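Each remark here refers to the structure printed beneath this line.
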Amino acid sequence: MKLWQKVLIGFLIGAILGLFIPQLAALKPVGDLFIRLIKMLIAPMVFASLVVGASSIGDIRKLGRVGGKTIVYFLLTTAIAIVIGIIIALIMQPGAGFILTEVGEYEAAPIPNIIDVFLDMVPTNIIDSLATDNMLQIIVAALFVGIGATMVGDKGKPFLAFCESLAETMYTITGMIMNLAPYAAGALMAWVTATSGADVLLPLAKALLAVYIANILHAALVYSGAVYFFAKINPMDFFRGMFEAWAVAFTTCSSAATLPVSMRNAQENLGVPSEISSFVQPLGATINMDGTAIYQGVCAYFIAQVYGIQLGLPQYLMIILTATLASIGTAGVPGAGMIMLSMVLQAVGLPLEGILLIAGVDRIFDMIRTSMNILGDAAGAIVVATTEEGLETSVTSGAEIGG
Ligand code: ASP
């Protein structure tokens with residue numbers, strides 16, 4: 001049996017058993033163990049593979065071009081995601097008929113200052129960036145180191161060979177750890193269904209449904225369209241090739257923790273060249289969050305509705321703008337998108353306490369948004385790769401997927 005099939009089975013068994021046996025919530029440490037193991041690899045893997053990637057991209061102009069395309073793709077797909085989210089919310093009216101009782105108080109996350117955001121991308125101490133898993137700083141440092149090592153010439157070669165070996169080692173360990181994924185997925189799903197239960201979901205079912213539908217629609221339209229039109233990849237092959245990463249993201253709710261798996265899937269199953277994958281995907285796991293943006297759009301609408309606040313065009317535009325910014329600023333860790341939702345609400349003038357309404361089921365929102373976040377990064381890597389040197393193996397030609 002292929003690994004992704006085992007992950008799917010573990011996932012379903014966990015979800016079903018958790019509904020009936022609440023004690024299974026105690027299995028959470030199995031999932032936590034898996035997350036810790038994967039996290040162990042992130043900093044060295046991103047740094048080493050991006051150094052190698054930057055050196056193999058070689059000339060700075062090409063690097064700039066790849067970077068430019070990546071950012072345009074990220075911004076565009078995120079804005080489309082929010083629009084889809086808002087349209088679905090408008091159609092489904094998730095907050096209609098909801099009567100709001102006192103929910104307490106909530107404080108907004110500060111709106112980040114754009115200059116500080118840029119300055120903060122530049123590390124003052126590379127070791128510190130690695131030690132704290134600061135992805136944007138690691139990316140900037142690795143780009144410089146990769147270019148520098150190439151410019152050094154012969155003397156840079158042993159260092160590049162070292163980074164290559166380090167990156168390969170991290171990939172291999174990722175593969176080993178993935179054997180634990182079916183059990184981890186089962187344990188985490190059992191914990192979710194055992195702790196949230198079916199009835200907690202009922203009052204918020206419509207909002208959840210709206211977010212799930214908008215996400216699935218976004219994947220079906222935007223990601224399928226992107227991989228098909230740019231790379232002629234059958235969308236089903238794309239989703240199947242990324243399934244392990246999707247399942248890991250769905251259960252761990254962390255794009256950052258899923259990164260080693262999603263890079264491995266994109267490279268091995270979909271033929272994304274490693275120098276593109278190691279640039280686009282870590283950057284995407286940090287700043288490209290389509291699922292989060294959809295969630296923020298739908299929830300802003302939902303909260304406005306339950307408070308009886310009418311939104312007009314300026315408010316919708318504000319939601320699109322701030323949710324795009326908020327999703328860039330959202331860290332790839334569980335629950336981060338909900339904290340950044342406060343920034344959107346604040347900007348639009350909606351009551352922050354609305355967040356407390358959805359907080360109880362945020363994990364269930366988080367599962368779909370995180371899993372879409374990483375799919376968006378992978379689709380982006382495919383799009384960028386095909387506009388550069390192309391994919392390495394053609395999955396359309398029947399290459400083996402998964403397992
Ligand atoms: N958990 C999400 C992620 O890691 C971020 C979020 O909370 O929206 O991509």
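All residue numbers in this chain count up from 1 along the given sequence. What's counted below: heavy atoms across the whole structure, side chains too, no hydrogens, waters or symmetry copies. In each ligand, atom 1 is the first atom listed, and ligand 1 is the first ligand listed. Keep in mind that this is a model prediction, so the values were computed, not measured.
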*Closest approach of Cys163 to Val51 (non-hydrogen atoms, all atoms of both residues)*: SG-CG1, 3.8 Å
*asked:* Looking only at distances, can you tell me whether any N or O atom of Met289, backbone or side chain, sits closer than 3.5 Å to an N or O atom of ligand 1?
replied: no
*Ala336 N/O to ligand 1 N/O under 3.5 Å*: yes
*Is it the side chain, the backbone, both or neither of Met340 that has a heavy atom closer than 4.0 Å to ligand 1?*
neither
*Does ligand 1 have a heavy atom under 4.0 Å from the side chain of Ile374, from its backbone, from both, or from neither?*
neither
Distance under 4.0 Å to a non-hydrogen atom of [X]: what atoms of ligand 1 satisfy this?
X      : answer
Val333 : 1 (N), 2 (C), 4 (O), 5 (C), 7 (O)
Thr292 : 5 (C), 6 (C), 8 (O)
Ser254 : 4 (O)
Gly332 : 3 (C), 4 (O)
Gly337 : 6 (C), 7 (O), 8 (O)
Arg369 : 6 (C), 7 (O), 8 (O)
Cys253 : 1 (N), 4 (O)

[atom] - nearest protein heavy atom and its distance:
atom                   : answer
atom 2 (C) of ligand 1 : Thr370 OG1, 3.2 Å
atom 3 (C) of ligand 1 : Ser255 OG, 3.2 Å
atom 1 (N) of ligand 1 : Asp366 OD1, 2.7 Å

Charged N to carboxylate O under 4.0 angstrom, [X] versus [Y]?
X      : Y      : answer
Asp366 : Arg363 : no
Arg369 : Asp362 : yes
Lys69  : Glu388 : yes

*Could you label the plane-to-plane angle of the Tyr223 and His218 rings as parallel, tilted or perpendicular, counting under 30° as parallel and over 60° as perpendicular?*
perpendicular
*Centre of Tyr228's six-membered ring, under 6.0 Å away, within 45 degrees of the axis: is that where NZ or CZ of Lys232 sits?*
yes
*Per the side-chain contact (heavy atoms from CB on, under 4.5 Å) rule, which among Leu17, Leu24, Ile16 passes with Phe20?*
Ile16
*Say you draw a straight line from CZ of Phe229 to OG of Ser224; how long is it, rounded to the nearest 0.5 Å?*
10.5 Å
*Just checking, any donor-acceptor pair under 3.5 angstrom between side chains of Asn288 and Thr78?*
yes
